[in-house]
Trainee: 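The structure's right below; bear with me while I get my questions together.
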Amino acid sequence: MDNFTGQHILSVNQFDRVAVETVFDVADKMQPYANREKRTTVLEGAILGNLFFESSTRTRVSFGTAFNLLGGEVRETTGISSSALAKGESLYDTARVLSGYSDVITMRHPDAGSVAEFSEGSRVPVLNGGDGPNEHPTQALLDLYTIAKERASFGESIDNLHIAMIGDLKYGRTVHSLATMLCLFKNIKLTLISPNELQMPVSICDAITNAGHELIISDQLEGSVEADICYQTRIQQERFSSLQEADKYRGKFRLNQQIYTQHFKSKTVIMHPLPRDSRADANELDNDLNMHPNLAIFRQTDNGVLVRMALFALVLGVAEKISDFDRPVHWYSTKNTANN
Ligand code: NCD
């Protein structure tokens with residue numbers, strides 16, 4: 001992808017390494033706005049249609065926040081039952097209609113391929129906020145951005161890293177998109193740890209080995225993993241045929257202080273796309289790691305705003321104009337260093 005302006009963002013497969021780096025460069029420029037050191041009105045008058053037909057907290061709110069931080073307005077629909085899709089309207093018709101009301105659309109839907117289908121009826125760019133178990137491209141970008149930032153503090157880049165992904169790798173769209181995007185980088189070692197029934201899809205494993213990366217597949221967290229990144233995930237209970245089916249796997253791979261120290265290096269960065277399932281029978285990422293300096297989960301969520309701001313700016317063709325519309329922040333903010 002050479003030029004983002006007017007493009008849909010549906011899949012990580014649209015990106016080459018230069019496109020990823022372009023997103024990262026623009027995301028870096030968004031930091032002062034996210035920190036409330038200044039604000040911009042570059043998208044004043046623009047409308048985001050934020051359509052979430054599947055449950056979400058951070059993806060939905062961070063898309064909206066990112067758009068607001070650029071000066072735009074957000075219109076939202078949540079849930080299939082409260083939308084015309086429940087009356088039998090096609091994705092194409094919904095897209096035709098809602099794209100008339102918006103300048104850009106973000107969408108999440110429980111079916112694989114649904115966001116791409118929707119985009120065919122849309123007259124404005126559509127960003128995929130997760131289509132069932134398939135893809136979550138904006139999450140992959142914010143995860144990679146976080147990996148780059150976290151490892152930069154150890155003098156490393158994404159190339160040559162060892163990344164462990166743990167948990168539900170079959171239904172987890174974040175790991176599908178992240179693993180695929182890692183194919184753009186060099187000399188990656190990927191350790192995939194999951195129950196045998198919840199392994200990473202073969203097509204993605206093939207893409208990883210075809211990229212020349214080293215792939216290790218295991219159904220146990222054992223010995224010293226030596227990974228630079230430990231990417232923990234939730235059992236995607238909503239994708240199983242029944243809750244009892246999901247219960248079989250819940251709590252199989254937990255991470256807490258003791259398990260972390262036993263299996264990982266002192267410099268291993270801990271990530272999770274969130275939400276973490278904190279119920280006692282799951283507890284895949286224990287609260288006893290909350291103050292651990294290598295726990296990057298909340299830096300990940302903050303980075304999500306920067307990356308989504310960057311994508312909006314690029315898709316709407318204003319990435320070079322952001323600072324032309326700078327304004328001061330005139331309210332008290334705990335975020336900006338002037339008030340800290
Ligand atoms: C993830 C998702 O929805 O795929 N959450 C997110 O977007 N940050 C992961 C999950 O729900 O487990």
Side-chain angles (χ1 to χ4, degrees), residues 9-12 27 50-66 76 78-80 106-116 126-147 163 165-181 192-195 198 200-201 204 229-240 243 245-247 249-255 270-279 281-286 295-309 311:
I9 309 283
L10 301 173
S11 165
V12 287
N50 203 20
L51 317 180
F52 273 70
F53 300 116
E54 193 183 45
S55 55
S56 171
T57 301
R58 74 220 78 233
T59 306
R60 178 173 62 82
V61 178
S62 69
F63 270 132
T65 298
E76 222 160 61
T78 53
I80 288 188
T106 44
M107 181 179 166
R108 171 173 287 186
H109 191 283
D111 297 341
S114 53
V115 183
V126 176
L127 277 59
N128 182 357
D131 61 322
N134 188 34
E135 278 224 43
H136 198 343
T138 67
Q139 180 75 35
L141 285 164
L142 80 87
D143 286 340
L144 263 187
Y145 184 74
T146 303
I147 291 171
I163 297 170
M165 297 181 178
I166 304 177
D168 183 351
L169 308 184
K170 177 178 180 186
Y171 295 119
R173 56 192 169 202
T174 69
V175 282
H176 298 167
S177 289
L178 179 58
T180 306
M181 214 168 228
L192 304 179
I193 302 171
S194 69
L198 301 183
M200 183 71 86
I204 298 177
I229 304 286
C230 164
Y231 191 102
Q232 178 68 299
T233 65
R234 178 179 70 87
I235 299 298
Q236 307 283 294
Q237 63 177 41
E238 62 278 30
R239 314 264 178 244
F240 287 77
L243 233 89
E245 187 62 24
D247 283 344
Y249 307 105
R250 222 191 292 276
K252 267 220 154 118
F253 295 106
R254 296 167 187 254
L255 197 67
I270 305 162
M271 295 175 63
H272 190 302
L274 300 182
R276 54 177 155 170
D277 187 341
S278 294
R279 291 171 289 196
D281 61 341
N283 201 24
E284 66 237 4
L285 186 50
D286 197 281
L295 185 77
I297 55 176
F298 301 118
R299 295 191 284 276
Q300 239 176 309
T301 50
D302 283 350
N303 288 337
V305 172
L306 304 178
V307 166
R308 292 184 170 121
M309 287 175 81
L311 289 169

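Numbering of ligands and ligand atoms starts at 1, following listing order.
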Trainee: Can you name the one residue among Gln139, Glu135, His136 that meets side-chain hydrogen bond (donor to acceptor under 3.5 Å, both in side chains) with Ser177?
Mentor: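 So, applying the side-chain hydrogen bond (donor to acceptor under 3.5 Å, both in side chains) to Ser177 and each of Gln139, Glu135, His136, only Glu135 qualifies.
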Trainee: Please verify the inter-ring angle class for Phe240 with Tyr171; under 30° counts as parallel, over 60° as perpendicular, anything in between as tilted.
Mentor: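 Answer is perpendicular, since the angle exceeds 60°.
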Trainee: Taking a 3.5 Å cut-off between nitrogen or oxygen atoms, can you list every pair linking ligand 1 to the protein, with distances?
Mentor:
unit_1, atom_1, unit_2, atom_2, d
ligand 1, 3 (O), Arg108, NH1, 3.4
ligand 1, 3 (O), Arg108, NH2, 3.2
ligand 1, 3 (O), Arg173, NH2, 2.9
ligand 1, 4 (O), Arg173, NE, 2.7
ligand 1, 5 (N), Leu274, O, 2.9
ligand 1, 7 (O), Thr59, OG1, 2.9
ligand 1, 7 (O), Arg108, NH2, 3.0
ligand 1, 7 (O), His136, NE2, 2.8
ligand 1, 8 (N), Gln139, OE1, 3.2
ligand 1, 8 (N), Pro273, O, 3.0
ligand 1, 8 (N), Leu274, O, 3.0
ligand 1, 11 (O), Arg234, NH2, 2.9
ligand 1, 12 (O), Arg234, NE, 2.9
ligand 1, 12 (O), Arg234, NH2, 3.3
ligand 1, 12 (O), Gln236, NE2, 2.8

Trainee: With no hydrogens and no angle check, just 3.5 Å: does a side-chain donor-acceptor pair link Asp143 and Tyr231?
Mentor: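 Judged by distance alone, the side chains do pair up.
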Trainee: Where is the tightest heavy-atom contact between Arg254 and Asp281, given as atom of each residue plus distance?
Mentor: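 Answer, listing the atom of Arg254 first, then Asp281: NH2-O, 3.3 Å.
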Trainee: Would you find a donor on one side and an acceptor on the other, under 3.5 Å apart, between the side chain of Arg276 and the backbone of Leu285?
Mentor: yes
Trainee: Looking just at side-chain N and O atoms, do Asn50 and Thr106 make a donor-acceptor pair shorter than 3.5 Å?
Mentor: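 Yes, Thr106 and Asn50 have a side-chain donor paired with an acceptor closer than 3.5 Å.
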